[in-house]
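To keep things clear, I will list the structure first and then write my remarks on it.
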Protein chains: 2
Amino acid sequence: MQEHSVHVQCSECPIRHRAVCARCETDELSRLEQIKYYRSFQAGQTIIWSGDRMEFVGSVVTGIATLTQTMEDGRRQMVGLLLPSDFVGRPGRPVAAFDVTATTDLVMCCFRKKPFEDMMSATPHIAQRLLEMTLDELDAAREWMLLLGRKTAREKIASLISIIARREASLHMRRAKGMLSVDLPLTREEMADYLGLTLETVSRQISALKKDGVINLEGNRHVQIPDIDRLLEEAGDDSDGGMLV
Amino acid sequence: MQEHSVHVQCSECPIRHRAVCARCETDELSRLEQIKYYRSFQAGQTIIWSGDRMEFVGSVVTGIATLTQTMEDGRRQMVGLLLPSDFVGRPGRPVAAFDVTATTDLVMCCFRKKPFEDMMSATPHIAQRLLEMTLDELDAAREWMLLLGRKTAREKIASLISIIARREASLHMRRAKGMLSVDLPLTREEMADYLGLTLETVSRQISALKKDGVINLEGNRHVQIPDIDRLLEEAGDDSDGGMLV
DNA sequence: GACGCTCCTTGACCCAGATCAAGTTACAGG
DNA sequence: CCTGTAACTTGATCTGGGTCAAGGAGCGTC
């Protein structure tokens, strides 16, 4: 269960996405093919409300979704960012624990929960693969706890940008004239909700990082990173390890 | 895989602890018995350092352990609190992601990693049970992210006390003259590290909650809760749901 | 090209919680 | 019983980031 690929190529998905261990092969894949279907969501649309019955699991194919919690008085905290290939849903859980919202137009590849769970019982590798993915998410959540509890606003912004850069880089290595560049997929307010800040502070810290030459801005959303090590240093991460997300 | 008990009774453990699905019964249990062993740790002793090779998994039998991260400049954030019955370790991961420290004298029931993983492969229910537990931990971590990112110091303290009360209550329902009472298993500094505060702020907020009659203090560590609903209200939790940990 | 959006920036001021600095318990060991 | 030390409390002051407020920039629509 170690080094083989963990991505499956859906017959229709434009990208490979990880949902099932690839070693379990054709038989399993064909069964998955039979029960899968696609759903599209518009930017801003809520996919599931916290507490709602959730009758499917799936993974993001294109677009960005977020996991958020809201207190009665409106304070919001984003607790997860779902990029293409990320899995959504909790096998064995009837209801959703958090709001899931599409922040861009979004396509998901879904499996009805019951058949997926049946297949999970029949195919041990799936549970093991899901366990592995859930452990990754747990590590990421715990890294985020350090950020939320102990980092300064500037470090939080630098961390967010470097994490998005890392995720983007792993998908489609993109460099312009030797400079790493990233599109921020979130508004300032969404970044604030992710980082436990206000949107004004996010804006101010981004301006400060720009003034100090740590990043370049091209429009509001497009960031160039002249020196990734400098950015990581600003993020306060020890060495270059950690920070999975 | 749904409603059956998920606790196993070790032959020596004073309490039942959850590590394996009980439905998988005698055969599996006896195999587990063969590979399990016990380890004791003194209060303050570090069980594993982040990045260390980790050659066992296990669960807490008695005592309290914590999961923490530290930045180079010494800022610390606790990312998990391990009470009796909690599982430690990541099947499939060679190294520990966080420091694990015994905050009280501690006994753990351990399994060497290799045989445990072998058994996991051979017994599908184990992976499913671990997945379930990991999903619980992930939900708890995400609840904690809301606390760290958005709650006030007073709400954080109230949340921590109510969570510890809930955990204690589920183990050994303890009430003195109709009043719920809890021992805080952590120093003020450890609470601060858990809540993303300083120890001074923790102390001040505990004093404030006492002055306002939300809690009573008997010594430094023993807390009485005259009105659990009042406490939950102070914690800012919607209704009485959520907050697993 | 002017309107009406939503998103973003910047300034002025304020306050919750951090920091610095004394004390005060609580309790273990001699 | 005294003494030392770790844990805790409380006060005084400072400050990072929140709050309130006023624009600006980009962009789709008529």
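As the structure is a computational prediction, the values presented were derived from the model and not from experiment. Quick note on labels: first sequence line is chain A, next is B, and so on, each numbered from 1.
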Handout entry: Proximity to the side chain of Ser203(A) - top-ranked nucleotide from dT9(C), dG18(D), dG17(C)
Key = dT9(C)
Handout entry: Gap between atoms CG and C1', on Leu197(A) and dC8(C) respectively (whole Å)
Key = 16 Å
Problem - Length of the CZ-P vector between Arg204(A) and dA12(C), whole Å - result: 11 Å
Practice task
Looking at every strand, decide which applies to Thr187(B) at a 4.0 Å heavy-atom threshold: base, sugar-phosphate, or nothing.
Solution key: sugar-phosphate
Exercise for the section: Considering just the side-chain nitrogens and oxygens of Thr201(B), establish if one lies under 4.0 Å of OP1 or OP2 belonging to dA18(C). Expected result: yes
Exercise for the section: Nearest whole angstrom, please: distance from the P of dT6(C) to the CD of Glu190(A). Expected result: 14 Å
Exercise for the section: Just do the side-chain hydrogen bond (donor to acceptor under 3.5 Å, both in side chains) check on Ser159(A) and Ser162(A) with the steps written out, would you? Expected result: CA-CA 5 Å; Ser159(A) 297; Ser162(A) 60; 5.3 Å; no
Fill in the blank from the handout: Whole-Å distance, Lys210(A) NZ to dT10(C) P, equals 8 Å
Practice task
Could you check whether Gly44(B) gets within reach of a base, just the sugar-phosphate, or nothing at all, counting any heavy atom under 4.0 Å?
Solution key: nothing
Handout entry: Pair Asp73(A) + Arg150(B), salt bridge at N-O below 4.0 Å
Key = no
Practice task
Compare the minimum distances between each of dT9(D), dG17(D), dT9(C) and the side chain of Leu199(B), then state the nucleotide with the smallest one.
Solution key: dT9(D)
Practice task
Walk me through it: do Arg93(A) and Leu135(B) pass the test side chain to side chain contact (heavy atoms under 4.5 Å, CB included)?
Solution key: CA-CA 9 Å; Arg93(A) 302 311 167 75; Leu135(B) 286 169; 3.6 Å; yes
Exercise for the section: Let me know, please, whether Thr198(B) or Arg188(A) comes out on the 5' side of the other along DNA chain C by nearest nucleotide. Expected result: Arg188(A)
Completion exercise
Of all heavy-atom pairs linking Leu180(A) and Ala165(A), the shortest is CD2-CB, 4.2 Å
Practice task
Would you state whether a donor and an acceptor, one from the side chain of Arg221(B) and one from the base of dT25(C), lie under 3.5 Å apart?
Solution key: no
Practice task
To the nearest Å, give me how far apart CD (Glu189(A)) and P (dT6(C)) are.
Solution key: 12 Å
Practice task
Check whether NZ of the Lys or CZ of the Arg Arg39(A) lies under 6.0 Å from the centre of the six-membered ring of Phe56(A) and within 45 degrees of that ring's axis.
Solution key: yes
Practice task
Using the closest heavy atom to pick a nucleotide of DNA chain D for each, name whichever of Arg154(A) or Asn220(A) lands nearer the 5' end.
Solution key: Arg154(A)
Problem - Shortest side-chain distance from Glu200(B), nucleotide among dA21(C), dT10(C), dG17(C) - result: dA21(C)
Practice task
Please state how far atom CD in Glu218(B) lies from atom C1' in dT25(C), giving the value in whole angstrom units.
Solution key: 16 Å
